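A short write-up of the structure that comes next.
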Amino acid sequence: MTYYSLHHEAPNATFREAVIKGLAPDKGLYFPESITPLPKSFWNDIANLSHEVIAYEAIRQFVSPDIPEAELKRIIQETLSFDFPVVDLNEQISTLELFHGPTMAFKDVGARFMARCLGYFNRNNNNEVTVLVATSGDTGGAVANGFLGVKGVNVVILYPSGKVSDIQEKQLTTLGQNIKALEVDGTFDDCQTMVKQAFLDENLTSKMALTSANSINVARWLPQMFYFMFAYKALHEKHENLVFSVPSGNFGNICAGMMAQQLGMPVEQFVASNNVNNVVTRYLLSQLYEPKPAIQTISNAMDVGAPSNFIRIQEIYKNNFEALKKYLSSYSFTDEETKSAMLEIYQKYNYVADPHGAVGYLGCKAYLKKHPKAHTVFLETAHPTKFLDVVEDVISDKQELPEQIKAVIDKKKKATSIASYEDLKTFLLT
Ligand SMILES: *Cc1c(COP(=O)(O)O)cnc(C)c1O
């Protein structure tokens with residue numbers, strides 16, 4: 001597959017080049033030059049296919065010929081070594097649980113896939129690569145875990161001080177080895193700006209090989225298609241067309257769902273469920289795209305003022321506003337509404353949702369109000385105990401910690417504080 005830059009001022013790249021570069025030299029995101037739908041027979045037969053086979057069929061056109069078949073199958077098998085259950089809350093609302101991986105957030109899938117691709121590309125040389133990543137919460141842990149111990153790869157994670165949960169902070173600051181955490185005096189957008197600046201700094205990039213592991217990287221973005229297809233496999237016999245409500249921040253996850261749709265998966269609608277950081281909700285109403293500085297909320301992984309993947313969504317729908325509106329709805333909810341939803345889910349369905357999942361649930365309800373016959377699925381993007389304080393406070397009930405969380409909670413945080421791009425550069429060069 002060849003990838004082009006969405007700024008159209010850089011040479012095309014192979015999958016390998018796109019993974020290693022992250023962002024194109026003209027600062028554009030990479031986008032695949034073609035998308036070939038899977039045959040009808042694949043979709044008709046999906047109930048009989050394993051997760052590995054579904055994933056392999058979905059991704060292979062995007063990575064070939066840079067990763068050979070057997071290697072790709074191994075990467076997929078290792079990436080998907082946990083469950084993706086679909087749980088019905090009622091007749092019309094299901095949840096797709098994406099928190100059964102090692103860091104208990106959906107980002108494990110993309111991070112594990114990308115780490116293994118990069119490991120494969122680096123298999124023969126000893127040139128060290130530095131993966132630079134900004135996190136609003138879960139990316140850091142998932143990337144740190146996915147890359148831990150991968151030879152020839154150093155990982156540097158920037159996170160906004162005081163704006164990630166205690167457990168998230170532990171997950172990204174306690175691993176050691178090839179993983180370093182930088183605690184930034186600023187917001188997630190500040191972290192992301194610093195990372196982008198580093199990639200454009202020739203003084204820096206001439207001295208070290210830098211790559212990104214944010215959802216802008218095609219190897220993190222594309223494997224997120226897999227679990228939309230798993231949900232389709234689980235539900236399509238009962239419900240013909242699904243509505244996916246995706247708690248969205250940088251819009252990588254929902255955009256991957258749209259790629260699955262481009263592969264031929266029948267989808268009635270995507271609902272971008274947002275907290276008050278709602279640039280896309282407003283865009284769909286006004287057709288004006290007006291990013292704003294991020295506002296802190298209890299669903300902090302979605303505190304993104306300028307979602308970097310939205311440009312890919314526009315590309316998927318050929319920059320046609322009407323075409324986009326046909327398949328994308330968006331709603332925005334306050335923290336108060338989110339907390340009420342968490343309580344409602346707990347009391348009505350005896351189910352504990354994290355704040356991000358609860359925003360997704362609210363998106364389902366908003367959509368169902370207008371389309372009472374739909375079947376909606378919200379993505380439960382993180383395990384509720386990752387947001388222990390809020391969750392226990394709202395439902396007034398103690399939560400049992402899963403093994404993955406117990407393993408980090410008493411470890412000692414190790415992070416370097418930085419406040420500016422100059423600090424970052426100094427850190428990287430020394
Ligand atoms: C990252 C994250 C999101 C947002 O996903 P995007 O792909 O950035 O839209 C939602 N929920 C949780 C728990 C996350 O970690």
Side-chain angles (χ1 to χ4, degrees), residues 29 95-111 114 133-146 157 159-160 163-165 167-169 171-172 188-189 191-192 212-218 220-228 244-259 270-275 277-281 294 297-313 328 330 332-333 338 342 353-363 378-388 390-391 405:
L29 272 65
T95 178
L96 170 62
E97 292 186 344
L98 299 177
F99 55 69
H100 294 272
T103 74
M104 315 209 85
F106 77 91
K107 293 187 176 77
D108 280 329
V109 174
M114 180 185 164
V133 58
T135 183
S136 59
D138 282 334
T139 300
V143 168
N145 193 288
I157 299 164
Y159 72 98
K163 297 187 178 67
V164 304
S165 79
I167 286 166
Q168 287 176 327
E169 186 172 40
Q171 285 180 325
L172 57 93
F188 168 66
D189 287 329
C191 298
Q192 190 152 262
S212 81
N214 280 98
S215 55
I216 52 176
N217 195 299
V218 294
R220 261 205 58 201
W221 167 48
L222 291 169
Q224 301 175 129
M225 292 186 290
F226 300 161
Y227 41 73
F228 287 89
F244 286 101
S245 170
V246 186
S248 294
N250 250 328
F251 281 69
N253 204 13
I254 192 168
C255 182
M258 291 166 167
M259 289 297 282
F270 290 98
V271 177
S273 297
N274 292 135
N275 58 31
N277 295 288
N278 60 0
V279 54
V280 173
T281 313
T297 73
I298 58 169
S299 46
N300 64 42
M302 310 198 293
D303 295 351
V304 181
S308 41
N309 278 288
F310 194 65
I311 186 166
R312 280 187 173 133
I313 292 182
L328 179 65
S330 180
S332 147
F333 304 97
T338 306
M342 288 162 69
D354 95 292
H356 305 79
V359 170
Y361 167 83
L362 286 168
F378 69 92
L379 276 51
E380 180 41 305
T381 46
H383 193 277
T385 56
K386 290 193 83 172
F387 304 91
L388 200 60
V390 185
V391 169
I405 305 257

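For clarity, every value in this text was computed on a predicted model and none was experimentally measured. Both ligands and their constituent atoms are indexed starting at 1 by order of listing.
Protein heavy atom closest to atom 8 (O) of ligand 1, with residue, atom name and distance, is Asn250 N, 2.8 Å.
Between the CE atom in Met258 and the CG atom in Asn309 there is a gap of 11.0 Å [rounded to 0.5 Å].
The aromatic rings of Phe387 and His356 sit tilted, their planes meeting at an angle between 30° and 60°.
The shortest N/O to N/O separation between Gly252 and ligand 1 falls below 3.5 Å. Close N/O approach between Phe387 and ligand 1 is not found [any backbone or side-chain N/O within under 3.5 Å]. By the 3.5 Å distance cut-off applied to N or O atoms, Asn253 is counted among the residues near ligand 1. Inclusion of Ser248 in the set of residues having an N or O under 3.5 Å from an N or O of ligand 1 is not warranted. For ligand 1, the polar-atom distance check against Phe251 finds a nitrogen or oxygen pair separated by under 3.5 Å. The shortest N or O to N or O distance between Asp354 and ligand 1 is not below 3.5 Å.
Residue-ligand proximity, Asp138 to ligand 1, at heavy-atom distances under 4.0 Å covers atoms 12 (C), 13 (C), 14 (C), 15 (O). Atoms of ligand 1 lying under 4.0 Å from at least one heavy atom of Ala382, given by number and element, are 13 (C). Every atom of ligand 1 is numbered from 1 in the order shown, and the set under 4.0 Å from a heavy atom of Thr381 is 10 (C), 11 (N), 12 (C), 13 (C).
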task: Mind running side-chain hydrogen bond (donor to acceptor under 3.5 Å, both in side chains) on Thr103 and Asn145 for me, showing each step along the way?
output: CA-CA 7 Å; Thr103 74; Asn145 193 288; over 6 Å; no
task: Take Ser330 and Asn274 through the side-chain hydrogen bond (donor to acceptor under 3.5 Å, both in side chains) test and state the conclusion after the steps.
output: CA-CA 7 Å; Ser330 180; Asn274 292 135; 3.2 Å; yes
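In plain terms, the two heavy atoms of Gly252 and Trp221 that are nearest each other are O-CD1, 3.4 Å.
Taking a 4.0 Å cut-off on heavy atoms, Pro247 registers as neighbouring ligand 1.
When heavy-atom distances to ligand 1 are checked against a 4.0 Å cut-off, Lys107 comes that close only through its side chain, counted from C-beta outward.
Judged by distance alone, with hydrogens and angles left aside, the side-chain atoms of Thr135 form no donor-acceptor pair with the main-chain N or O of Tyr159 at under 3.5 Å.
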